[in-house]
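I have placed the structure first, in the form of structure tokens, so that the comments after it can refer back to it.
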Amino acid sequence: QVQLDESGGGLVETGGSLRLSCVASGGPLRPLSVAWFRQAPGKEREFVAAIPWFGDSAYYGSSVKGRSTASRDNAKNTAYLQMNSLKREDTAVYSCATTTYVSNFDDASRYASWGQGTQVTVSS
């Protein structure tokens, strides 16, 4: 299993943007689908976005669709989540995860490797 390390979180004002990175080590990212999940205090884990290993499209949760873009650079063993027009309700710990599955990306149980997460805080 690969190890995942997220970065790019921080404090941002409402309406601002952030780009999260997820660097894989210990193996290639290329054959894996990558997803982003988030969890806010007192709330359940929520699917944010996923990009399959073949990378020609991405899938988004309804809460971020239209405001976020998932991408990947297999040469750098890195996946990204660009988030724009951030809202206070986007405040959460964002984690990336990898899977060999190519469907049901919102099912967290399908992911074998998880990063520790990066905190995103959106202030008004």
### Task
Treat each ILVMFWY residue as a node, draw an edge where side-chain heavy atoms are under 4.5 Å apart, and state whether V64 and W36 are in one component.
yes
### Message
So for atom CD, which belongs to E89, do other residues, nucleotides or ligands contribute more than 12 heavy atoms lying within a distance under 6.0 Å?
### Response
yes
### Query
Could you state the interatomic distance from CG (L4) to SG (C96), rounded to the nearest 0.5 Å?
4.5 Å
### Message
Between R30 (side chain only) and D73 (backbone N and O only), is there a donor and an acceptor less than 3.5 Å apart?
### Response
no
### Message
So which atom in P31 and which in P28 form the shortest heavy-atom distance, rounded to 0.1 Å?
### Response
CD-O, 3.4 Å
Could you give the side-chain donor-acceptor pairs of residues 14-22 under 3.5 Å, partners two or more places apart or in another chain?
unit_1	atom_1	unit_2	atom_2	d
T14	OG1	S123	O	2.8
S17	OG	N84	OD1	3.0

### Summary
With sequence neighbours left out, the residues meeting side chain to side chain donor-acceptor pair (under 3.5 Å) with Q119 are T121
### Query
Checking E6 side chain against G117 main chain: does a donor-acceptor pair fall under 3.5 Å?
yes
### Task
State, yes or no, whether a side-chain contact exists between R72 and V34 at a heavy-atom distance under 4.5 Å.
yes
### Message
Checking R38 against Y94: is there a side-chain donor and acceptor pair closer than 3.5 Å?
### Response
yes
#### Entry: Heavy-atom donor-acceptor pair, Y60 side chain to A70 backbone, under 3.5 Å
yes
### Query
Are W53 and L32 side-chain neighbours, meaning at least one heavy-atom pair lies under 4.5 Å?
no
#### Entry: Donor-acceptor contact below 3.5 Å, side chain N77 vs main chain L29
yes
### Task
May I ask you to check whether over 12 heavy atoms, not counting those of Y101, lie within 6.0 Å of atom OH?
no
### Message
Within this structure, what is the OG-CD distance for the pair S71 and Q82, rounded to the nearest 0.5 Å?
### Response
8.5 Å
### Task
Check for a donor-acceptor pair, side chain of R67 on one end and backbone N or O of S63 on the other, with a separation under 3.5 Å.
yes
### Ring geometry between F47 and F37 (parallel below 30°, tilted from 30 to 60°, perpendicular above 60°)
perpendicular
### Task
Output, in order, the C-alpha distance, side-chain angles, deciding distance and verdict of side chain to side chain contact (heavy atoms under 4.5 Å, CB included) for V2 and T98.
CA-CA 8 Å; V2 297; T98 57; 3.7 Å; yes
### Task
Show your reasoning for whether side chain to side chain contact (heavy atoms under 4.5 Å, CB included) applies to V120 and T91.
CA-CA 5 Å; V120 171; T91 295; 5.8 Å; no
### Query
Does the side chain to side chain contact (heavy atoms under 4.5 Å, CB included) test come out yes or no for N104 and R110, once each step is laid out?
CA-CA 8 Å; N104 297 100; R110 292 191 163 211; 3.6 Å; yes
### Message
Is the positively charged end of R45 above the ring of W114, judged by distance under 6.0 angstrom from the centroid and angle within 45° of the axis?
### Response
yes
### Task
For S33 and T100, run side chain to side chain contact (heavy atoms under 4.5 Å, CB included): C-alpha distance rounded to whole Å, both residues' side-chain angles, the deciding distance at 0.1 Å, then the answer.
CA-CA 6 Å; S33 299; T100 56; over 6 Å; no
### S113 versus Q1, closest heavy-atom pair with distance
OG-CB, 3.3 Å
### Query
Any donor and acceptor pair, going by atom type alone, linking the side chain of D90 with main-chain N or O of K87 inside 3.5 Å?
yes
